[in-house]
Undergrad: 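Can you read through this structure? Questions will come right after.
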Amino acid sequence: MRTVKKLLATVLAVLTIFSVCVFSASAVSAPEFKVTLVSETATTATIRFSLVKGSFNSLDATFSKSSDLTECTAITPTTAFSKVATATTNSKTGMISCIAISSVKAPMDVCELTFKKKSSASVDERDFGVVVTSCSVTVNSGVSGADNVEVGDDVTVKIDFGSFNLNQDSIQMNYKQTVKVDYTTNYKAEDLTWTSSNEKVATVDEDGNVYASGKGNATITVKSADGKVNETVNVTVSYTVLQWIIIIVLFGWIWY
């Protein structure tokens with residue numbers, strides 16, 4: 001009788017472990033990736049491959065291209081990615097294979113790839129593709145420690161080139177006031193460059209915040225590294241009544 005009880009207990013334990021492992025595996029969410037255009041010239045195009053959601057422990061991915069692109073000349077893992085993963089790249093086949101030293105967690109840019117172009121025409125989302133042949137996610141089963149679960153079939157990759165919408169073409173400001181340009185974008189801040197035509201009137205920071213530094217007019221320009229964004233906003237800076245009083249009555253033009 002005792003033998004039967006021990007046998008039943010062993011079977012129950014095995015079934016429990018199996019069910020927990022199956023539950024853990026089924027509960028794993030596959031990571032999501034994104035491809036964006038970083039920069040483009042008449043002869044080359046550079047794209048960025050990024051992890052935007054979830055995490056992974058290992059990855060094998062192949063980058064495809066349209067006939068408008070001739071070849072991949074370089075695959076360069078980012079500094080942040082290299083700190084947590086070791087990667088093997090092959091630009092001839094457009095492949096990257098990596099195993100993480102520690103789990104790679106979103107958000108993180110994985111690598112950048114440069115392609116040669118056949119013509120000076122701009123590339124678009126149809127020119128690139130990514131096939132993830134293998135991807136594992138590390139999970140803790142709660143019983144036997146860390147397990148690597150293969151989720152390659154469920155990985156999603158979005159080809160999402162940058163978009164930028166400017167919601168205004170002019171700004172009326174008061175001296176010493178700060179106003180943020182009204183825009184929506186999925187570009188990263190470092191991929192946009194903001195400049196002012198007259199910094200004695202208005203200056204602008206990397207996020208599109210405009211500071212009125214003097215009375216007059218200025219043009220704020222924003223450009224993207226990929227060359228697809230080139231927008232302008234006209235800025236007019238005036239004095240308030242109080243500021244005019246300070247300037248005229250208190251000789252504020254000397255110090256204000």
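In this text, all values refer to a predicted model and were calculated from it rather than measured experimentally.
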Undergrad: Considering only residues two or more places apart or on different chains, which pairs with a residue in residues 70-110 satisfy ring pair (Phe, Tyr, Trp, His ring centres under 6.0 Å)?
TA: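 Checked against ring pair (Phe, Tyr, Trp, His ring centres under 6.0 Å) - neighbours excluded - no pair reaches residues 70-110.
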
Undergrad: Are Thr44 and Thr41 linked by a side-chain donor-acceptor pair shorter than 3.5 Å?
TA: yes

Undergrad: Check whether any side-chain heavy atom of Arg48 lies under 4.5 Å from a side-chain heavy atom of Lys34, and answer yes or no.
TA: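 Arg48 vs Lys34: side chains apart.
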
Undergrad: Strictly distance-based, threshold 3.5 Å: is any side-chain N or O of Lys117 a donor or acceptor partner for the main-chain N or O of Ala121?
TA: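 A pair under 3.5 Å: yes.
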
Undergrad: With a 4.5 Å heavy-atom cut-off, do Asp60 and Cys135 have their side chains touching?
TA: no

Undergrad: Quick one: does Lys180's side chain have a donor or acceptor within less than 3.5 Å of a partner on Asp207's backbone?
TA: yes

Undergrad: Following the transitive rule for hydrophobic clusters with a side-chain heavy-atom cut-off under 4.5 Å over Ile, Leu, Val, Met, Phe, Trp and Tyr, establish whether Leu69 and Val130 coincide in one cluster.
TA: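 Yes, one cluster joins them.
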
Undergrad: With sequence neighbours excluded, tell me which residues meet ring pair (Phe, Tyr, Trp, His ring centres under 6.0 Å) with Phe161.
TA: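 Per chain and number, Phe161 pairs via ring pair (Phe, Tyr, Trp, His ring centres under 6.0 Å) with Phe128.
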
Undergrad: With distance as the sole criterion, is a donor-acceptor pair present between the side chains of Asn57 and Ser103 under 3.5 Å?
TA: no

Undergrad: Return the minimal non-hydrogen interatomic distance between Asn90 and Ile75, and the atom names on each side.
TA: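 Closest heavy-atom pair between Asn90 and Ile75: O-CD1, 3.8 Å.
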
Undergrad: If we only count heavy atoms from C-beta on, is the Val181 to Val210 side-chain gap below 4.5 Å?
TA: yes

Undergrad: Answer with yes or no whether the hydrophobic clustering places Val237 together with Val179; edges join I, L, V, M, F, W, Y residues whose side-chain heavy atoms lie under 4.5 Å apart.
TA: yes

Undergrad: Would you name the heavy atoms of Tyr175 and Ala212 that are closest together and state the gap between them?
TA: CD1-O, 3.8 Å

Undergrad: Under 3.5 Å, side chain of Ser196 to main-chain N/O of Ala202, donor-acceptor pair present?
TA: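 Judged by distance alone, yes, a pair lies under 3.5 Å.
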
Undergrad: Excluding sequence neighbours, so at least two apart, what forms salt bridge (Lys or Arg N to Asp or Glu O under 4.0 Å) with Glu150?
TA: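 Listed in chain order: nothing, the list is empty.
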
Undergrad: Okay, side chain of Lys65, backbone of Thr70: is any donor-acceptor separation there less than 3.5 Å?
TA: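 Yes, because the side chain of Lys65 sits within donor-acceptor range (under 3.5 Å) of the backbone of Thr70.
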
Undergrad: Using side-chain heavy atoms (C-beta onward) and a distance below 4.5 Å, is Met173 in contact with Thr236?
TA: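 Heavy-atom side-chain distance check fails, nothing below 4.5 Å.
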
Undergrad: Assign the ring pair Phe33 / Phe56 to parallel, tilted or perpendicular, where the plane angle (0 to 90°) is split at 30° and 60°.
TA: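 If you compare the ring of Phe33 with that of Phe56, the planes turn out tilted.
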
Undergrad: Membership question, hydrophobic clusters at under 4.5 Å side-chain separation (ILVMFWY): are Leu59 and Val84 in the same one?
TA: yes

Undergrad: Does a donor on one side chain sit under 3.5 Å from an acceptor on the other, for Asp191 and Ser224?
TA: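 Asp191 vs Ser224: no donor-acceptor pair found between side chains.
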
Undergrad: Look at the side chain of Lys176 and the backbone N and O of Gly214, then say whether any donor-acceptor pair between them is shorter than 3.5 Å.
TA: no

Undergrad: Assess the side chains of Ser58 and Ser136: does a donor N or O sit below 3.5 Å from an acceptor N or O?
TA: yes

Undergrad: Could you tell me if the side chain of Cys111 sits less than 4.5 Å from the side chain of Ile96, heavy atoms only?
TA: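 A side-chain contact exists here, since the closest heavy-atom pair is under 4.5 Å.
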
Undergrad: Side chains of Asn234 and Ser170: is there a donor and an acceptor less than 3.5 Å apart?
TA: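 Not at all, the side chains of Asn234 and Ser170 share no donor-acceptor pair under 3.5 Å.
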
Undergrad: Using modelled atom types and a 3.5 Å cut-off, is there a donor and acceptor pairing between side-chain atoms of Asp154 and backbone atoms of Val151?
TA: no

Undergrad: Any non-hydrogen side-chain atom of Thr232 less than 4.5 Å from a side-chain atom of Ile220?
TA: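 No. Closest side-chain heavy atoms not under 4.5 Å.
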
Undergrad: Between Lys118 and Ser67 (side chain of the first, backbone of the second, donor and acceptor by atom type, cut-off under 3.5 Å), is there such a pair?
TA: yes

Undergrad: Look only at the side chain of Ser197 and the backbone of Thr219, and say whether a donor-acceptor pair between them is shorter than 3.5 Å.
TA: yes

Undergrad: Would you tell me whether Asp109 and Ser50 have side-chain atoms, one donor and one acceptor, within less than 3.5 Å of each other?
TA: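 Yes, a side-chain donor-acceptor pair sits under 3.5 Å.
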
Undergrad: Have a look at Thr46 and tell me which of Val38, Leu113, Thr73 forms a side-chain contact (heavy atoms from CB on, under 4.5 Å) with it.
TA: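 Between Thr46 and the candidates, side-chain contact (heavy atoms from CB on, under 4.5 Å) is satisfied uniquely by Val38.
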
Undergrad: Determine yes or no for a side-chain-to-main-chain donor-acceptor pair under 3.5 angstrom, with Ser213 supplying the side chain and Val201 the backbone.
TA: yes

Undergrad: For residues 187-212, pull every pair meeting ring pair (Phe, Tyr, Trp, His ring centres under 6.0 Å), keeping only residues two or more places apart or in separate chains.
TA: Tyr183-Trp194

Undergrad: Look at the side chain of Ser82 and the backbone N and O of Thr78, then say whether any donor-acceptor pair between them is shorter than 3.5 Å.
TA: yes

Undergrad: Are any of the side-chain heavy atoms of Asp160 and Asn186 separated by less than 4.5 Å?
TA: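 Yes; the side chains approach each other to less than 4.5 Å.
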
Undergrad: Run the side chain to side chain donor-acceptor pair (under 3.5 Å) test against Ser55 and tell me which residues pass, sequence neighbours left out.
TA: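 For Ser55 there are no side chain to side chain donor-acceptor pair (under 3.5 Å) partners, ignoring immediate neighbours.
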
Undergrad: Could you tell me if the ring centre of Phe63 sits under 6.0 Å from that of Phe49?
TA: yes

Undergrad: Return the set of residues passing salt bridge (Lys or Arg N to Asp or Glu O under 4.0 Å) with Lys228 (not counting sequence neighbours), or none when no residue passes.
TA: Glu40

